[in-house]
Amino acid sequence: VQLQASGGGLVQAGGSLRLSCAASGRTVSRYGMGWFRQAPGKEREFVAAIRWNSGSTYYGGSMQGRFTISRDSAKNTVYLQMNSLKPDDTAVYYCAAAPPGTIASSYRSIQAYNYWGQGTLVTVSS
């Protein structure tokens, strides 16, 4: 599976961005898809995940209510809609794919994912 993340950029605090992650190489209809982020000097942090076949979603604590993960099966693409952005949201955002059979409780763990995109930079100015 190859993952191509896009949609990052510079936005003012309070603004919105939508990130996209296009999957290729095989269908990801049985995968779990996740978004993580990594700010300078910090560890990679879980943002959100979606179980593709059921549409069940999972969020990191500070993102709940502001971020929405979704997928488009026709486009083999997962999205991350980010609203009410804060300067603390500044980071490189990575999409990742967890193989079929991964239990949902593992989606928050980096180790659950065996495919990663290249990352897209989100900068939120104050």
Side-chain angles (χ1 to χ4, degrees):
V1 177
Q2 292 80 48
L3 302 175
Q4 180 70 41
S6 62
L10 175 64
V11 63
Q12 288 189 330
S16 299
L17 278 176
R18 188 178 79 157
L19 306 183
S20 300
C21 177
S24 61
R26 66 177 65 179
T27 180
V28 291
S29 62
R30 296 174 58 235
Y31 281 65
M33 301 296 294
W35 285 97
F36 287 76
R37 68 185 185 185
Q38 189 165 18
K42 295 187 176 181
E43 294 185 351
R44 196 164 294 190
E45 175 187 26
F46 172 73
V47 175
I50 186 167
R51 185 182 289 277
W52 197 285
N53 53 4
S54 68
S56 297
T57 58
Y58 312 88
Y59 293 94
S62 66
M63 299 77 171
Q64 187 81 41
R66 297 191 299 126
F67 293 5
T68 303
I69 189 170
S70 62
R71 86 283 196 230
D72 184 329
S73 296
K75 297 181 178 180
N76 226 27
T77 298
V78 63
Y79 301 99
L80 184 69
Q81 177 67 43
M82 304 186 294
N83 298 327
S84 302
L85 284 163
K86 307 173 183 179
D88 285 349
D89 294 317
T90 295
V92 177
Y93 284 71
Y94 298 90
C95 61
T102 302
I103 59 174
S105 60
S106 297
Y107 284 163
R108 299 174 182 272
S109 171
I110 293 171
Q111 286 72 28
Y113 300 84
N114 51 4
Y115 299 102
W116 290 84
Q118 84 288 2
T120 185
L121 176 62
V122 172
T123 303
V124 184
S125 63
S126 57

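In this structure the side chain of Val78 reaches within 4.5 angstrom of the side chain of Trp35, judged on heavy atoms. The closest side-chain heavy-atom distance from Leu85 to Phe67 is below 4.5 Å. Counting heavy atoms from C-beta outward, Ser16 and Asn83 have side chains that approach closer than 4.5 Å. Using a 4.5 Å heavy-atom cutoff, the side chains of Met82 and Val47 are not in contact. Using a 4.5 Å heavy-atom cutoff, the side chains of Thr68 and Tyr59 are in contact.
At distances below 3.5 Å, not a single donor-acceptor pair connects side-chain atoms of Thr120 with backbone N or O atoms of Tyr93. Side chain of Arg71 to main chain of Trp52: a donor-acceptor pair is present (N/O by atom type, distance under 3.5 Å, no hydrogens or angles). Side-chain N or O atoms of Ser56 include none that pairs as donor or acceptor with a backbone N or O of Ser54 at under 3.5 Å. One N or O on the side chain of Gln118 and one on the backbone of Ala5 form a donor-acceptor pair closer than 3.5 Å.
The two residues Glu45 and Ser62 make their nearest non-hydrogen contact at OE2-OG, 4.4 Å. Ser126 and Ala13 make their closest contact through CA-CB, 4.3 Å (heavy atoms, listed as atom of the first residue, atom of the second, distance). Contact record, Arg51 with Thr102: NH2-O, 3.1 Å, taken as the closest heavy-atom pair. Considering all non-hydrogen atoms of both residues, Pro99 and Ala112 come closest at CD-O, 3.4 Å.
Rounding to the nearest 0.5 Å places CE of Met63 at 11.5 Å from CD1 of Ile69. To the nearest 0.5 angstrom, Asn76 atom CG is 8.0 Å from Met33 atom CE. A distance of 13.0 Å separates CZ in Arg44 from CZ in Arg37, rounded to the nearest 0.5 Å. Distance check, rounded to the nearest 0.5 Å: OG1 of Thr123 to CG of Asp89 gives 11.0 Å. The CD atom of Gln81 lies 7.0 Å from the CZ atom of Arg18; values are rounded to the nearest 0.5 Å. If you take CD1 on Ile110 and CH2 on Trp116, they are separated by 5.0 Å, rounding to the nearest 0.5 Å.
Evaluated for a side chain to side chain contact (heavy atoms under 4.5 Å, CB included) with Tyr79, the options Cys95, Ser20, Cys21 yield exactly one hit, Ser20.
In this structure, Leu3 is not a member of the same hydrophobic cluster as Tyr94, with clusters built from ILVMFWY side-chain heavy atoms closer than 4.5 Å. One hydrophobic cluster holds both Leu80 and Val124 under the rule that ILVMFWY side chains link at heavy-atom gaps under 4.5 Å.
Aromatic ring orientation, Tyr31 versus Tyr115: tilted (interplanar angle from 30° to 60°). Aromatic ring orientation, Phe36 versus Tyr113: perpendicular (interplanar angle above 60°, classes split at 30° and 60°).
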